[in-house]
Protein chains: 4
Amino acid sequence: MGRNKKEIIREAAIKVMAELGYHHSTTDRIAQEAGLAVGTIYNYFGNKEEILEYIFAVEVEKRQTAFEKQLQSEKPIFEKLEALLELHFSEIAKNIAAGQILVRERQHPGKKEANGISAFLDGVPQLIQALLDTALEQGEIRPGSTRLLAAAIFGAVQEVAATAVFSQDKQLQKEILENAASELVHFFSLGMKASP
Amino acid sequence: MGRNKKEIIREAAIKVMAELGYHHSTTDRIAQEAGLAVGTIYNYFGNKEEILEYIFAVEVEKRQTAFEKQLQSEKPIFEKLEALLELHFSEIAKNIAAGQILVRERQHPGKKEANGISAFLDGVPQLIQALLDTALEQGEIRPGSTRLLAAAIFGAVQEVAATAVFSQDKQLQKEILENAASELVHFFSLGMKASP
Amino acid sequence: MGRNKKEIIREAAIKVMAELGYHHSTTDRIAQEAGLAVGTIYNYFGNKEEILEYIFAVEVEKRQTAFEKQLQSEKPIFEKLEALLELHFSEIAKNIAAGQILVRERQHPGKKEANGISAFLDGVPQLIQALLDTALEQGEIRPGSTRLLAAAIFGAVQEVAATAVFSQDKQLQKEILENAASELVHFFSLGMKASP
Amino acid sequence: MGRNKKEIIREAAIKVMAELGYHHSTTDRIAQEAGLAVGTIYNYFGNKEEILEYIFAVEVEKRQTAFEKQLQSEKPIFEKLEALLELHFSEIAKNIAAGQILVRERQHPGKKEANGISAFLDGVPQLIQALLDTALEQGEIRPGSTRLLAAAIFGAVQEVAATAVFSQDKQLQKEILENAASELVHFFSLGMKASP
DNA sequence: AATGAATGAGCATTCATTCAT
DNA sequence: CATGAATGAATGCTCATTCAT
């Protein structure tokens, strides 16, 4: 029951924050969207920021297990990566508004403690780096700074997702989200250069 | 004189916004940092957001001519790209605070008209795409969605820059900024895959 | 049973209000301290203020009978007074927290009807005045405004009690509470002036 | 000019807080009473509590110099005391509303640092005690706990003032305020007891 | 009677912007 | 042009009270 209410608030907040951005989203507006009184929000969240953190946390959790599964699998790195991106983009396709938030909000006002936001913005790059480190040991990828590469990959994925979720053209949006995983992995593995 | 004042405000705003983020930066604080009265700011900018736009606009302008020069040159695409990134990262190295803003602020609350912010966030990917389109025609790169690739490249660059400018480790920061251009272009051209 | 619950709430409220003051004491906090649900409080009290009134009322009642007894006794005024203060300070010593409330809270936001609070803040001075009026008739005390003297005495007692109950030094607290009655009566009867 | 504005706010706040009590006084209401915008209040005070502190501080200051003068004079203790009370009650007579606040508000939520409120509630009793200590050394008063006596005197004065300022009967109010000083000092020096 | 989730009026405080000097 | 005091709409959050279960 309580879970249900918290869920209602999360969904309302996603709708509102996707539309207005975190800073222009008021707690009153979120409450209204949720069909609840403002006070009710504060029975489930300590403050406005915690709502955003929770939105991130839920999205992170959705990807978490998949991530761990792939990390431990024996598949070649690029297959792992593609599986992860496939999941990521399909989740975004299922919830464009959440995708907009994931891609646009960057509040780390102090970056205190581990919260859902830094779990995503900092945690995901770290996981990617772990993936690359393993691949490097296995000789699957060329030598290079896995830290830098992980950042590059994360950024690339985020920006492609951003392009999709903020696209006005719904057809284009769908296309990008469907093809992004394979196109990006292709790009990440072989680069853009035409074969000689 | 006027130009000078506007410049003073821009620099003060960069300092403040880099530290506090756009939303937590007050006009009073910026005025204080600039050694001016708040009112004076409004003689040079219509409102707070215009300051941010101007910060972006100036950074865009710094890269503009270089971009156009490269677009028209006959060099191979990856040399062009590397030249551009070299410039970009060296500019960031010269002004870390400005880099933090470039990389963190994403206010398109309506994305009204063309402003300095969208000139960067939307314009740069478009320019990259133009670059790729030309390269594609020349057969320098494999077929593929240049739009998606352009977004990926822009995102990768932004995130690597973010890693650098928010790094506490100044030595690491310097390293990343120095090597990012060549490492990224290498990555973009040939991918990560180990050669067989 | 019901009586018991009301008592539990009163005691919890004393603990909380002594610590936080009336205005910073929340009904939730009181309920928690009482081991009850907030709603339950409202089965025994109409609103938060009534709890405070009840606290005062109970303390007043404890002193009431003693007061009446003394009023009707034939003892000299200062013996009566000392007996009353003795009772008062020993009650406070038995329940410091209640004493803190008695001494610190002064909500007469309208002073509507007769409630426990005004029964204490207004009633006690009136009773003292009655005592003095009798003594005056008997020629036990000098002529003078008994209203003013009653107020002075009440205020003096309250402030001495305040000094004690808010003292950090538990030893000092005990000392004050033990000696206050006799010292104050001495003071009230003969004043401070050194005998010639 | 600024001084003037702060003064206007202080006076408005006295009016409002005397009527409604500190906790029921809203900043909006104070601003309205002052003929200013709420924001303006915050140009002169950090928060609502500081207004109350300032009210106390100003009242304290009015009595400060007189206090110091009397402390250093050679007059007999009871003359000093009477002079002080004379001042105190005449100040209250000049500003009944301020007197109501002085007598009713007891916010020491933490009693952090020295503020105007504790300067009054704690400071004045200490000053009285210092006065008594000197008198004791001089043999002007009987031996006894000057701490307790100081508290008693302070409380007596406060309560008599309270009786006056909250009296509906304006004539009575005037009378009390006029006679309080001499009546109280008489009481303090010789007590109430009828001479044998 | 007991519960405690839901309520929403209420309020302190912030801060971009204005404009008289 | 420069100033900075004044403005007041906007907003996050609290908490006494209610009421369906």
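We name chains A, B, ... by the order of the sequence lines, and we start the count at 1 in each one.
Residue D/Ile41 contributes atom CD1, which lies 16 Å from atom C1' of E/dC15 at whole-angstrom precision. The interatomic distance linking A/Ile9 (CD1) with E/dA5 (P) rounds to 12 Å, in whole Å. Regarding C/Tyr42, its OH atom lies at a distance of 13 Å from the P atom of F/dC19, rounded to whole Å. Atom pair D/Tyr22:OH and E/dA12:P shows a separation of 8 Å (rounding to whole Å applied). Atom CE in C/Met17 sits roughly 12 Å away from atom C1' in F/dA16 (whole-Å rounding). Rounded to a whole Å, the NE2 atom of B/His23 is 14 Å from the C1' atom of F/dT11. The nearest whole Å value for the distance from the CG atom in C/Leu52 to the C1' atom in F/dA16 is 15 Å. Separating the CG atom of B/Leu20 from the P atom of E/dA16 is a distance of 11 Å, rounded to the nearest angstrom.
Taking side-chain N and O atoms only, C/Tyr44 has no distance below 4.0 Å to OP1 or OP2 of E/dA1. Between C/Thr27 and F/dA16 there is a side-chain polar atom (N or O) within less than 4.0 angstrom of OP1 or OP2. Residue B/Lys48 places none of its side-chain N or O atoms closer than 4.0 Å to OP1 or OP2 of E/dC15. OP1 or OP2 of F/dA2 lies within a sub-4.0 Å distance of a side-chain N or O belonging to B/Asn43.
When base pairs are accepted only as Watson-Crick or G-U wobble with both N-N or N-O distances under 3.5 Å, DNA chain E takes part in stems of 3 or more pairs at E:2-21 with F:2-21.
Ranked by how close their nearest DNA chain F nucleotide is to the 5' end, C/Asn47 and A/Asn47 are led by A/Asn47. Of the residues near DNA chain E, C/Gly39 and A/Gly39, the one whose nearest nucleotide (by heavy atom distance) lies more toward the 5' end is C/Gly39. Mapping C/Thr40 and B/Thr26 onto DNA chain E by nearest heavy atom places C/Thr40 at the nucleotide closer to the 5' end.
Listed nucleotides E/dA9, F/dT17, E/dT13 differ in distance to D/Val38; the shortest reach to its side chain belongs to E/dT13.
A/Asn115 is not listed as a side-chain neighbour of A/Glu50, based on a closest heavy-atom distance of 4.5 Å or more. Between B/Glu59 and B/Phe120, every side-chain heavy-atom pair lies at or beyond the 4.5 Å cut-off. Contact check for B/Arg29 versus B/Lys15: no side-chain heavy atoms found under the 4.5 Å cut-off. Counting only heavy atoms from C-beta outward, the side chains of A/His23 and B/Tyr22 never approach each other to under 4.5 Å.
Residue D/Leu36 is classed as a sugar-phosphate contact, given heavy-atom separations below 4.0 Å to backbone atoms only.
With a 6.0 Å radius and a threshold of 12 heavy atoms from other residues, nucleotides or ligands, D/Glu61 has its CD atom at or below the threshold.
Under the 3.5 Å distance criterion, the side-chain polar atoms of D/Arg104 are left unmatched by any main-chain donor or acceptor of D/Ala162.
A cation-pi contact links C/Lys6 to C/Tyr54, judged by a cut-off of 6.0 Å to the six-membered ring centre and 45° from its axis.
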